[in-house]
Amino acid sequence: MYERRTKEPPSIPPPPHGTMGSTRPPSDVRVGDFIHLGGTYQRVRDMRSAGTAAHRVLIFAGCEPWIMREARTTYRPIDCL
């Protein structure tokens, strides 16, 4: 089978409908935000402190918990702004 060889990273899918993206530090992430992980957008269902405000353990419904250590683009539903 033919594979296209390109040096460009694969593009990410469009964000979830009705959300707005913004780069946020771990301390500003809320339950209900979406984060692009593993090729899909995961919705934050719960979160825990990882010892400091600079780190958060984010809990999703469809995958294992993930530690957010630095600012990252998150997508927040527009009605929650």
Side-chain angles (χ1 to χ4, degrees):
M1 178 176 213
Y2 174 77
E3 289 185 30
R4 186 171 73 172
R5 294 182 187 189
T6 179
K7 294 183 180 187
E8 295 178 15
S11 62
I12 62 171
H17 183 70
T19 62
M20 182 180 295
S22 181
T23 302
R24 295 181 175 88
S27 60
D28 192 28
V29 174
R30 298 180 188 169
V31 171
D33 288 354
F34 290 87
I35 296 181
H36 186 257
L37 293 174
T40 62
Y41 289 97
Q42 299 292 329
R43 187 175 196 147
V44 177
R45 300 288 182 198
D46 200 0
M47 66 180 89
R48 303 283 186 264
S49 173
T52 68
H55 297 87
R56 292 277 172 111
V57 177
L58 304 181
I59 300 168
F60 308 100
C63 65
E64 59 188 55
W66 178 73
I67 300 172
M68 185 176 181
R69 294 184 170 96
E70 58 189 22
R72 187 169 177 136
T73 301
T74 62
Y75 298 88
R76 185 165 289 164
I78 293 172
D79 60 330
C80 292
L81 297 175

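Follow the hydrophobic side-chain contacts under 4.5 Å out from I59 and you never reach V31; the two are in separate clusters.
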Ignoring hydrogens and angles, write down the donor-acceptor pairs under 3.5 Å from the side chains of residues 36-46, residues two or more places apart or on other chains.
from	atom 1	to	atom 2	distance (Å)
T40	OG1	Q42	NE2	2.9
Y41	OH	P13	O	2.8
R43	NE	G32	O	3.4
D46	OD1	R48	NH1	3.2
D46	OD2	R48	NH1	2.7
D46	OD2	R48	NH2	3.3

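Within the hydrophobic cluster formed by Ile, Leu, Val, Met, Phe, Trp and Tyr side chains joined at under 4.5 Å, directly or through other members, V57 is accompanied by I67.
Within the structure, the ring pair (Phe, Tyr, Trp, His ring centres under 6.0 Å) test picks out no pair touching residues 43-66 (sequence neighbours left out).
Proximity of R24 to R76: side-chain heavy atoms (C-beta onward) are separated by under 4.5 Å at one or more points. Put simply, the side chain of V29 does not reach to within 4.5 Å of the side chain of R56, judged on heavy atoms.
The two residues P26 and A71 have their closest heavy-atom pair at CD-N, 4.1 Å. Of all heavy-atom pairs between P77 and D33, the closest is CD-OD1, 4.3 Å. The heavy-atom pair separating G21 from Y75 by the smallest distance is CA-CD2, 3.4 Å.
A distance of 9.5 Å separates CZ in R72 from CG in L58, rounded to the nearest 0.5 Å.
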